[in-house]
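Since the structure comes first, as structure tokens, the remarks are kept for the end.
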Amino acid sequence: MPFHKELLEKRENLIKSGINPYPYSFEQSCPIKKIRAEEAGFLDKQVSIPGRIVAQRIQGKASFVDIEDFDDHIQVYFKKDHVGEAGWNIVMQLDLGDIIGVRGKVFRTRTNELTISAEEIQILAKTTVQVPISKKTEDKVFYQLADPEIKYRERYIHWITEPQARQKLVTRARIISETRKFMESNGFLEVTTPTLEMIYGGAEATPFETNVKALSNQKVFLRISPELSLKRFIVGGFPKVFTICQNFRNEGIDRSHNPEFTMMEWYEAYTDYEFQMKRFEELVFTVSVNTTGSGKITYQGREIDLTPPWRRLTMVDAIKEFNGIEVESMPEEEIKDFARKREIDIQEPFNLGLAIDEIFKATCEDKLIQPTFIMDHPMETSPLTKAKRGKPGFIERFEPFIVGMEMGNAYSELTDPVEQHERLCRQRQAGQSQKGESGHPVNPMDMDFVKAIGCGMPPTGGVGLGIDRLVMLLTDSHSIREIIAFPLMKPKQ
RNA sequence: GGGCCGCUAGCUCAGUAGGUAGAGCAACGCCCUUUUAAGGCGUGGGUCGAAGGUUCGAAUCCUUCGCGGCUCACCA
């Protein structure tokens, strides 16, 4: 039982004295913030305000209680003469964390504190769990919740005790809202794609599995990416579509990875990846301006300038810039030697494309602080992308990096159905011998997807944007757990 | 899996020349009708994460285990 004995007794006492500590509604005048903002209009006027008790100062037959609502707080003054015997009995039963409603006039005390002089008090929710409410003044914190486990596992306590912790989730909501507005104002249609799929694809990741009872326990997977669904929209005649959805990947958990995470993907017919780089930087810049007020932000002490245009750098050039080597023209043995010295794992049998990708990840990613589009990856890294014009062995793909984090992934989408089929086959063959690019079992062949492309898919630029990473960036959050309301945690015990 | 840190009252934490546990807040009682970390006096409350060991004696030293956090590795 999570309940606190003494608080339970107080609840009982209230019920015994004929008070329902969990009533049905409360008519409120306005948010507290409005009283503070329009004080002159409220002074000496009756208001009716609900809030959670965050501080209590009892003084004989008077009592001062601070109550808090979503984004402000205000002092309430209880005087026995004003609230009467019955009201006073309730005031004496109050605890930190209780939610109450008060009716009374707005005034300023001798010490000039904006206050509601209560004439009526109503309990709206009696706490039965003791919540660790922070003690602090304007400039000093006397104590506050420090246990990071409680912060993430019992998020409601985190939010109750640290109102500023709510702010990141508010910003998250606004980022998603602004993102949606940007897409819609550019003529995109928001669509919904299935979470449960018989065949997963569109990314390289281990999926979560479950089964469907109604279909003889047919095995199904939780989507790892909405890509293949969205391309079917394009084939079907929707030229500009996007979706914001949860993806599920049964892999590592760390400060930038949660097993379920939010992605936006969009597909735009008749465009290529060059066009989408512009769209991407414009989107991120606009969202930043509309949520933080600026296109220049600070992340973990570093100034980041999101103003377009961002730097464009091919993967091979990035390796050259940070390592001084021309990896394309190096003999196999030299590349292996280079990798060995830096403890970079190169798979056997040797494959130049995969080696380039590994070397890039190990030596360049964390150095890409200012917004940079890394482009033109080796062909082996994705079977869904068109070949790079004029550069055999490479593809038209880009990944935007900011503060060393990969923020998204985009292609000039492969639209030749025969080549698409061959590329998927080749990937599966490679998968049978070496378990794919990164040790994962290779995705199953989606023949229906190949058929869809065969029905005629216009040239298309497709982009994925990691919403959680973007929120981390714009809220200056070190861990993805800070900006996911309920991150997956190991079970207690 | 490696490294580091933590686990003591309801909450936040003190507590090593090893001597059977403390503070603040919360709770309970009394005083106090404009306080703001309100104040004053008093009371109750802990098998010190678990199990072994060393010792006359362990929250404290040793061993093992459990739980958690951070971090590195792995993994998109």
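So you know, we letter chains A, B, ... as the sequences are listed, proteins then strands, and number each from 1.
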Remember a base hit wins even if backbone is also touched, and classify [X] as base, sugar-phosphate or nothing at under 4.0 Å, heavy atoms.
X	answer
A:Glu9	nothing
A:Lys80	nothing
A:Phe107	base
A:Ile58	base

Using the [atom1] atom as the reference point in each nucleotide, state the distance between [N] and [M] in Å, no decimals.
N	M	atom1	value
B:U35	B:C28	C1'	23 Å
B:G69	B:A27	C1'	30 Å
B:G6	B:A50	C1'	16 Å
B:G66	B:A51	C1'	10 Å
B:G57	B:G18	C1'	8 Å
B:G52	B:A58	P	13 Å
B:C65	B:G29	P	48 Å
B:G24	B:U33	C1'	27 Å

Hunt down the Watson-Crick or G-U wobble partner of [N], both distances under 3.5 Å, from any strand shown, or write none.
N	answer
B:U63	B:A51
B:A17	none
B:C4	B:G69
B:U35	none
B:A9	none
B:C28	B:G42

Rounded off to whole Å, could you give me the [atom1]-to-[atom2] distance for the [X] and [N] pair?
X	N	atom1	atom2	value
A:Arg110	B:A38	CZ	P	18 Å
A:Lys126	B:A26	NZ	P	14 Å
A:Gln56	B:A26	CD	P	8 Å
A:Asp95	B:G10	CG	C1'	12 Å
A:Leu94	B:A27	CG	P	10 Å
A:His158	B:G69	NE2	C1'	14 Å
A:Lys61	B:A38	NZ	P	21 Å
A:Met92	B:A27	CE	P	11 Å

If every non-hydrogen atom of [X] is compared with every non-hydrogen atom of [Y], which pair is closest and at what distance?
X	Y	value
A:Asp476	A:Thr298	CG-O, 3.6 Å
A:Ile35	A:Cys30	CG1-SG, 3.8 Å
A:Glu265	A:Pro226	OE2-CD, 3.4 Å

Closest to the [X] side chain, choosing from [options]:
X	options	answer
A:Leu96	B:U34, B:A26, B:A27	B:A26
A:Asp81	B:U35, B:U33, B:C28	B:U33
A:Arg481	B:G69, B:U33, B:U36	B:G69
A:Thr109	B:U35, B:A26, B:C28	B:U35

Is A:Phe42 close to A:Ile116 at the side-chain level, that is, under 4.5 Å between some pair of heavy atoms? no
May I ask you to test the A:Asp95-A:Ile53 pair for a side-chain heavy-atom distance under 4.5 Å? no
Nearest-nucleotide wise, let me know which of A:Arg469 and A:Ser479 is further upstream toward the 5' end of RNA chain B. A:Ser479
When you match A:Glu399 and A:Glu113 each to their closest nucleotide on RNA chain B, which lands nearer the 5' end? A:Glu113
Tell me whether the side-chain N/O atoms of [X] come closer than 4.0 Å to OP1 or OP2 in [N].
X	N	value
A:Arg57	B:A38	yes
A:Lys361	B:C75	no
A:His478	B:U71	yes

Would the base of B:U35 count as contacting A:Gln75 through its side chain, where contact means a donor and an acceptor less than 3.5 Å apart? yes
Distance-only donor-acceptor test (3.5 Å): side chain A:Thr111, base B:U35: yes
Going by the rule ring pair (Phe, Tyr, Trp, His ring centres under 6.0 Å), which residues pair with A:Tyr77 if we only count those two or more places apart in sequence or in a different chain? A:Phe64
Using a strict cut-off of less than 4.0 Å between a Lys/Arg side-chain nitrogen and an Asp/Glu carboxylate oxygen, indicate whether A:Arg469 and A:Glu399 qualify as a salt bridge. no
Indicate whether any N or O donor in one side chain lies under 3.5 Å from an N or O acceptor in the other, for A:Thr193 and A:Arg223. yes
